[in-house]
Amino acid sequence: MNRTIITVVGKDTVGIIAKVCTYLSHENVNILDISQTIVSDFFNMMMIVDTSRMAASFDTLASDLQAIGAEIGVQIKCQREDIFNKMHRI
């Protein structure tokens with residue numbers, strides 16, 4: 001399994017989750033876990049996804065999601081799980 005961490009942060013608006021999840025579905029990316037909160041009108045979401053059946057490259061996934069984020073006014077970042085774990089290990 002190829003797991004990727006996706007984070008979405010920005011001003012809350014209608015359709016953020018729908019836009020991201022629709023894109024992931026079209027790319028055959030399975031959502032394994034999702035957590036979302038809204039604090040003082042700011043939206044924060046973290047997803048763990050399985051990209052093992054995705055046809056596109058990781059770089060394409062990351063740039064497409066970044067473009068979707070720009071379109072809807074949020075920042076979307078992707079990191080491979082192994083790199084995420086190494087960066088957050090102390």
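These numbers were taken from a predicted model, which means no experiment stands behind them. Residues take their numbers from the sequence shown, with the count starting at 1.
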* May I ask you to decide if Ala18's main-chain N or O and Thr22's side chain share a donor-acceptor pair within less than 3.5 Å? => yes
Applied to residues 2-14, the salt bridge (Lys or Arg N to Asp or Glu O under 4.0 Å) test, sequence neighbours excluded, yields Arg3-Glu81
For Asp50, the side chain to side chain contact (heavy atoms under 4.5 Å, CB included) test, sequence neighbours excluded, returns Met1, Asn30, Leu32, Ser52
Taking every heavy atom of Cys78 against every heavy atom of Ala62, the minimum-distance pair comes out as SG-CA, 3.9 Å
Rounded to the nearest 0.5 Å, the CE atom of Met46 sits from the CD atom of Gln36 at a distance of 14.0 Å
Note: with side-chain heavy atoms under 4.5 Å as the link, the other cluster members for Phe42 come out as none
The side chain to side chain contact (heavy atoms under 4.5 Å, CB included) partners of Ser57 (sequence neighbours excluded) come to Asp59, Thr60
Grouping ILVMFWY residues whenever side-chain heavy atoms fall under 4.5 Å, the cluster of Ile17 otherwise contains Ile6, Val8, Ile16, Val20, Tyr23, Leu24, Val29, Ile31, Ile34, Ile38, Phe43, Met45, Met47, Val49, Met54, Leu61, Leu65, Ile68, Ile72, Val74, Ile76
Residue pairs meeting salt bridge (Lys or Arg N to Asp or Glu O under 4.0 Å), one or both in residues 66-76, sequence neighbours left out, come to Lys19-Glu71
Note, Ile48 side chain near Ile5 side chain (heavy atom, < 4.5 Å)
yes
